[in-house]
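Have a look at the structure below before the remarks.
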Amino acid sequence: MKLLKGAVTQAAALALGLVIAGTTAHAADISGAGATFPYPIYAKWADAYKTKTGNGLNYQSIGSGGGIKQIKAKTVTFGASDKPLTKEELDSAGLMQWPMIMGGIVPIVNVEGIKPGELVIDGKTLAEIFMGKIAKWNDKAIQTLNPKAKLPNKAIAVVHRSDGSGTTFNFTDYLSKVSSDWKSQIGSDASVQWPVGIGAKGNEGVSNMVKQTGNSVGYVEYAYALQNKLTYTKMKNKDGKVVAPTSEAFQAAAANADWANAPGFYLILTDQPGAQSWPITASSFILMYKQPQDPAAASEALKFFDWAYKNGQKMAESLDYIPMPESVVDMVEKTWTTEMKGVAY
Amino acid sequence: MSLALDKSLRSAAARSQSSSLMDRIFSALVLGSTAIVLLSLLGVFVALAVGAWPALQKFGFGFLVTEVWNPVTAQFGAVAPIFGTLVTSLVAMLIGVPISIGIAIFMTELCPDRLRRPLGIAIELLAGIPSIIYGIWGLFVLAPFMQQHVQPLLIDTLGELPIIGNLFQGPPYGIGILTAGLVLGIMVLPFITAVARDVFLTVPAMVRESAYGIGATTWEVVWRVVIPYCKVGLLGGVMLGLGRALGETMAVTFVIGNAHRISSSILAPGTTISASIANEFTEATTDIYTSSLVALGLILFFITFVVLSISRMMLRRLR
């Protein structure tokens, strides 16, 4: 009996040991939640980081609004959002933010006979299409921009996001900058009151809807347009030059961004000047507490971000994202040491 | 010997004592389980009411009568989703009810005995398909078919008629109120069919045989005897299906087009209460936005509660 008891105690101790070992291994996982736009690259970074250091990342891509909510509820170590918080919002919550990665948003169309990169659209026309003021593909405004294209006399089916999203925030921010009507009547946010069109869930929902609906137009993150072989358009930028959505064009827009003079890194990259700039470029942000509840976990997260900034550029480019320039990384890492308490990376 | 008897008697007494204790524990447990159901019903209602309070306080009665749904200016009104919920359910009923009753008549009056079981199983399987599967099927198979064939036909024929033509206007998107109603109609089929079959079977054989006996045709028996006999029960079944159609979320979100607008055309995109909540909850950052979505939930809770109560009352009167 005594022998049995001993065995049981031993087994229990072993089991307990296993449980503890299990929880410690789990605790090393960095937890974050938020934007879906940068999810593919965060997942790729996390995979490479885990192979190298053994520390995993548990990132829930629940949307920018969800990310802001989760970090405010302190259920995660970091939140991620495509919509930056203003300096005041950050200060009142005790949060800090920085840009982690950049990418492009492209209009996509499904018009018979039009190939990827053939159609040219400018911001004002795009705004009027999404307001329903331009309702047919052979409208004069579109035809003037594309004198050679054969445009059908068909109604334009507008496709937008049905869920709130950072992609929508950046897209509507751009339309507000180029169209005063859009700004006064609709405005910009993660979701807006769309005057026309149908809503589809997520980047993949919009991709699918445009793909299977004839004479439609939508907007998605660049990687989705490439992967789904969608017909993206060219755009006329702020300088009046026609540009194609390429890494170079996104980089050109990012290079013009004046991060040094943006308090709390509040900067939206749409409608940047420059002959090469893609007009609807976006950056995705990370949100963390200045005084983290769990400094050890926060330090682990910062180590991951530092590693990603310095080793993740190739991976980002392979997924058609734009890594942050070195000068910006330096600025960001300086704020970690000056503003965040009790952390080491 | 006597000692042994005494011992066994005592243990029996102890056993009966413990069994009465077991009985009490058992009845307390089942009572507790029942209480959990009632408490969660009450809890859901209270939680919804508390969550909806800020929106109801700010917009008041206007919440129920305004169409605007603007997250930018934080102005919210529930008319468009309520409209979409009721209209898609109505379309679903118009499609689902006649077909369900047809199936039930076939199964009770005309179907050879050998076929009854496989048919019944097939219909039950239809009820078991997860709603997301209906959504995917609706989006990838039904919607393109509607866009290329059904909707252009409707626009060119019915759309040309006066008054009723207003229902069939606009570009054929494929998805929209009509498509959502169609998918819902198929989804409620098994529920209405099952109830209809059961109530048809309650018609006493004597009544039915007498009707046949005086020379009535099958049509006359069904139309003049069976259906009038089961009227109330049938309505209960329809209400049960309606309750399901009102709350369906995933399948509808896929095919309705998710636009906060009221259109006269049933080909146009719209939204329903549950689809709006599913789409927007994660990104509702401001308190009033979240509260408005919860208030939508409260309205849906209320509508389905009323519909299901009516259904229960009708089915009870049947027995």
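All values derive from a computational prediction rather than experimental measurement. Hydrogens, waters and symmetry mates play no part in the numbers below; they use all other heavy atoms, side chains included. Proteins come first, then strands; the chains are lettered A, B, ... in the order of their sequence lines, and each starts at number 1.
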Which atom names give the shortest non-hydrogen contact between Thr290(B) and Lys69(A), and what distance separates them? OG1-NZ, 4.4 Å
Please identify, among Asn208(A), Ile68(A), Ile156(A), the residue contributing the most non-hydrogen atom pairs under 4.5 Å to chain B. Asn208(A)
Can you tell me if Glu112(A) has over 12 outside heavy atoms packed within less than 6.0 Å of its CD? no
So CZ of Arg161(A) and CD of Glu280(B): to nearest 0.5 Å the spacing works out to 12.5 Å
Greatest number of non-hydrogen atom pairs under 4.5 angstrom with chain B, of Gly205(A), Pro195(A), Ala200(A), falls to Pro195(A)
With rounding to the nearest 0.5 angstrom, report the CD1 to CD1 distance, Ile256(B) to Ile198(A). 12.0 Å
Please give me the minimum heavy-atom distance between His160(A) and Asn258(B), naming the atom from each residue. CE1-O, 4.0 Å
Per-residue contacts, residues 133-148 of chain B versus chain A, heavy atoms under 4.5 Å: Leu139(B), Phe140(B), Ala143(B), Pro144(B), Gln147(B)
Given a strict heavy-atom distance threshold of 4.5 Å, which part of Ala155(A) is in contact with chain B: side chain, backbone, both, or neither? side chain
Using heavy atoms and a sub-4.5 Å threshold, report which of residues 172-180 of chain B line up against chain A, by residue number. Tyr173(B), Ile175(B)
Members of residues 215-223 of chain A whose heavy atoms come closer than 4.5 Å to chain B: none
Does atom CD1 (Ile164(B)) have a neighbourhood of more than 12 heavy atoms from anything else shown, all under 6.0 Å? no
Any chance NZ of Lys290(A) has more than 12 other-residue heavy atoms, nucleotides or ligands included, within less than 6.0 Å? yes
Return yes when atom NZ of Lys183(A) has more than 12 non-hydrogen atoms of other residues, nucleotides or ligands closer than 6.0 Å, and no otherwise. no
Picking from Gly63(A), Gly66(A), Gly197(A), which has the most non-hydrogen pairs under 4.5 angstrom with chain B? Gly197(A)
Using the test side-chain contact (heavy atoms from CB on, under 4.5 Å), find all partners of Pro81(B) that sit at least two apart in sequence or belong to another chain. His260(B), Thr271(B), Ile273(B), Ser276(B), Leu296(B)
So for Thr172(A), is it side chain, backbone, both, or neither that comes closer than 4.5 Å to the heavy atoms of chain B? neither
Val72(B) and Asp189(A) have their tightest heavy-atom pair at CG2-CB, 3.7 Å
Counting heavy-atom pairs under 4.5 angstrom with chain A, the leader among Ala259(B), Pro71(B), Pro269(B), Ala275(B) is Pro71(B)
Counting only heavy atoms not in Lys154(A), do more than 12 fall under 6.0 Å of its NZ? no
Is atom CG of Asn138(A) surrounded by more than 12 heavy atoms (other residues, nucleotides or ligands) closer than 6.0 Å? yes
Around Tyr39(A), counting heavy atoms of other residues, nucleotides and ligands shown, do more than 12 lie under 6.0 Å from its OH? no
